[in-house]
Amino acid sequence: MTSHAADCGGSWKELPKVKLQRQNRLRALSLGAIAVSGALALTACGSDDNGGGSKASGGPSSSTNASAIKCDSAKGQLLSDGSSAQKNAVQAWVKNFSQACGVQINYKAGGSGAGVTAFTQGQIPWAGSDSALKPEEVTASKKICTGGGQGIDLPMVGGPIAIGYNVNGVDNLVLDAPTLAKIFDGKINNWNDPAIAKLNPKAKLPDLKIQAFHRSDDSGTTDNFTKYLKAATPDNWKYSGGKTWQAGGGQSAAQSSGVAQQVKQTNGAIGYFELSYVGDGIKAVSINTGAAQPVAPSTDSATKAIADAKVVGTGKDLSLQLNYNTKADGAYPITLVTYEIVCDKGNKADTLPTVKSFLNYMASEDGQKILSGISYAPMPDEIISKVRTTIAGLS
């Protein structure tokens, strides 16, 4: 019971009502009823929400069928590191898996770069990354994936990158790739610009300066947002891209939370961040992709966009090439995918059973089901079925 409280980052003192009920009933309740009380206490602990929203809570864990989780030979402890974009998803999975299998998993979420480096140096058995392995990283992985193995990418988590804005009196806003590129490159500077007005004929756009905010720190969110701009409107976005913001103009803030805070408190502001930051003074832009209707960011619309992606990895690698120019109805194009990185073969014998078991749970129907409730997009069936097959063959 005490270890369950620790999983939530605290002690029973953080749950006084549960503790009081437990104390009052110790003499009257059976051991089985006490176990149920412990499960309720665990459910009351919400996951740490990167996005500042209320969606990332203990709800998904309480609805998970723990008996359906296959522990196999999982045991002991696992240490991992990597993408902070998938932090809340991994925390929810860890909570459920640890409860069912008694395994301790510590996912540090120190960033994709840190995770890949730790993996290729043999410090951790798997890592999370919001970008697929680069050729030089695959080469480095061959030193720790013994017997001819190498690191591979397993797409596990999706999510839309929302374009959030704060313009008094404008509750619905539609933009397209060229207009977005010009806004974030400082070439469109006012909200009543003709290009914006053309996309929003019914909106009362104010004569107000646009305050565009971008990330000041290296960011996978920046990388994926600018990948979209490069692919969807190359004539208007001439930058090479990457995790560092390159365009001139605009204002910067650290982390998605910093960008969202600036947008929230600034009339006329616009920025990009994970979907969970939308709300509480921040509205989301719908994107005109050429489909029948503009598409708003959501877990469903992100999954539809990922379904239009192609697997471009070779061998057992399942890295994806997203179609940023998708015109599929209901597909939101500004979407990222985070990968779990593991050796295809040559994994360490002492951690392989636990890694396989945990990855199997993440990719399972039950594991994917909880994602939409915490602002993530489940992988499309065709892709996640390939992930499951690949995990089964890890050695």
For Ser141, enumerate each residue passing the side-chain hydrogen bond (donor to acceptor under 3.5 Å, both in side chains) test, keeping only those at least two apart in sequence or located in another chain.
none
Just to verify, what does Tyr165 make a side-chain hydrogen bond (donor to acceptor under 3.5 Å, both in side chains) with, not counting sequence neighbours?
none
Could you check whether [Y] and [X], counting side-chain N and O atoms only, form a donor-acceptor pair closer than 3.5 Å?
X      : Y      : value
Ser319 : Asp317 : yes
Gln251 : Gln211 : yes
Asn96  : Tyr361 : yes
Tyr332 : Ser286 : no
Thr338 : Asp130 : no
Ser298 : Ser301 : yes

Determine the minimum heavy-atom distance between [X] and [Y], stating which atoms define it.
X      : Y      : value
Ile152 : Lys316 : CD1-O, 3.9 Å
Lys304 : Asp329 : CD-O, 4.1 Å
Ala232 : Asn325 : CA-OD1, 3.2 Å
Ser84  : Ala109 : CB-O, 3.8 Å
Tyr376 : Ala89  : CE1-N, 3.4 Å
Ser372 : Thr299 : CB-OG1, 3.7 Å

Do the rings of [X] and [Y] sit parallel, tilted or perpendicular, given the 30° and 60° boundaries?
X      : Y      : value
Tyr107 : Trp126 : parallel
Trp245 : Phe225 : parallel
Tyr228 : Tyr324 : perpendicular

Pairwise distance [atom1]([X]) to [atom2]([Y]) - rounded to 0.5 angstrom:
X      : Y      : atom1 : atom2 : value
Asn288 : Lys327 : CG    : NZ    : 9.5 Å
Ile188 : Leu180 : CD1   : CG    : 9.0 Å
Lys108 : Leu79  : NZ    : CG    : 6.5 Å
Ile334 : Leu229 : CD1   : CG    : 7.0 Å

Please tell me if the side chains of [X] and [Y] come closer than 4.5 Å, counting only heavy atoms from C-beta onward.
X      : Y      : value
Thr244 : Thr222 : no
Leu320 : Val312 : no
Pro155 : Val387 : yes
Ile270 : Phe213 : no
Leu394 : Val342 : yes
Gln261 : Phe273 : no
Glu274 : Thr221 : yes
Glu340 : Met362 : yes

Does any N or O in the side chain of Asn200 come within less than 3.5 Å of the main-chain N or O of Val174, such that one atom is a donor and the other an acceptor?
yes
Do any N or O atoms from the side chain of Thr117 and from the backbone of Ala114 form a donor-acceptor pair under 3.5 angstrom?
no
Run Asn236 and Asp185 through side chain to side chain donor-acceptor pair (under 3.5 Å) and show every step you take.
CA-CA 9 Å; Asn236 295 294; Asp185 199 21; over 6 Å; no
Salt-bridge contact [X]-[Y] (side-chain N to carboxylate O under 4.0 Å):
X      : Y      : result
Lys227 : Asp223 : yes
Arg215 : Asp217 : yes
Lys356 : Asp72  : no

Within a reach of under 6.0 Å around CD of Gln121, are more than 12 heavy atoms found that belong to other residues, nucleotides or ligands?
yes
